[in-house]
Amino acid sequence: METQDQDTRTWTYVLADADLAEGEMTAVYPLGLNIVVARVEGALYAVSGTCAHMGCPLFMGTLEGHNLVCPCHDWRFDIRTGRFRAAPELGLETYPVRVENGKIFISVR
């Protein structure tokens, strides 16, 4: 399901809000893109689901507070910004997230 808002951003439904608990993350595939959605301290974040280093699937990693840890080589990304902690010039793409009527939507524009 897709919706559009006034700034012409397209929002794609990815998951029921109740299906993502605090401190958890999951892989979603809106429009075929690999994205990880996480809930940390009540806020929702969405970043590319593929590590910037060697393409490892990040949903298989761990979430340590605001750090998303890659399962392959222990690279740590800030889930809020997508930035690689050891070298902020590297990072993951981030996506806007919103909740509406108990559903999580991501904009992949």
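All heavy atoms count here, side chains included; hydrogens, waters and symmetry mates do not. Positions are given from 1, in the same order as the sequence printed here.
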What are the two closest heavy atoms between [X] and [Y], and how far apart are they?
| X | Y | value |
| --- | --- | --- |
| Ala38 | Leu63 | CB-CD2, 3.8 Å |
| Pro57 | Pro71 | O-CG, 3.5 Å |
| Gly61 | Met25 | O-CE, 3.2 Å |
| Ala46 | Val97 | CB-CG2, 3.4 Å |

Does the plane of the ring in Trp75 sit parallel, tilted or perpendicular to the ring in His53? Use 30° and 60° as the thresholds.
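Aromatic pair Trp75/His53 classed parallel.
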Considering only heavy atoms from C-beta outward, does the side chain of [X] approach that of [Y] to under 4.5 Å?
| X | Y | value |
| --- | --- | --- |
| Trp11 | Arg98 | yes |
| Tyr45 | His66 | yes |
| Thr81 | Val47 | no |
| Arg76 | Glu64 | yes |
| Ile35 | Ser48 | no |
| Thr62 | Leu68 | no |
| Asp78 | Arg85 | yes |
| Ile79 | Asn67 | no |

Within one Ile-Leu-Val-Met-Phe-Trp-Tyr cluster: [X] and [Y], side-chain cutoff 4.5 Å:
| X | Y | answer |
| --- | --- | --- |
| Val14 | Val108 | yes |
| Phe84 | Phe59 | yes |
| Leu33 | Ile104 | yes |
| Val69 | Met60 | no |

Show your reasoning for whether side-chain contact (heavy atoms from CB on, under 4.5 Å) applies to Glu100 and Phe105.
CA-CA 8 Å; Glu100 188 175 291; Phe105 292 84; 3.9 Å; yes
Tyr95 OH to Ile106 CD1 distance, which is reported to the nearest 0.5 Å
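If we round to the nearest 0.5 Å, Tyr95:OH and Ile106:CD1 are 8.5 Å apart.
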Nearest 0.5 angstrom please: Arg83 CZ to Leu90 CG, how far?
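One gets 7.5 Å once the value is rounded to the nearest 0.5 Å.
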For a side-chain contact (heavy atoms from CB on, under 4.5 Å) check, start with the C-alpha distance between Leu20 and Leu15, then their side-chain angles and the critical distance, and finish with the verdict.
CA-CA 8 Å; Leu20 188 62; Leu15 178 73; 4.0 Å; yes
Could you walk me through whether Cys72 and Cys51 pass the disulfide bond (SG atoms under 2.5 Å apart) check?
CA-CA 9 Å; Cys72 295; Cys51 182; over 6 Å; no
Evaluate side-chain contact (heavy atoms from CB on, under 4.5 Å) for Leu58 paired with Thr50, printing each intermediate quantity in order.
CA-CA 6 Å; Leu58 292 173; Thr50 304; 6.0 Å; no
Test side-chain contact (heavy atoms from CB on, under 4.5 Å) applied to Thr12 and Leu31, step by step:
CA-CA 8 Å; Thr12 303; Leu31 307 177; 4.1 Å; yes
Salt bridge flag under 4.0 Å for residues Arg39 and Asp17:
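Salt bridge between Arg39 and Asp17, a charged N being under 4.0 Å from a carboxylate O: yes.
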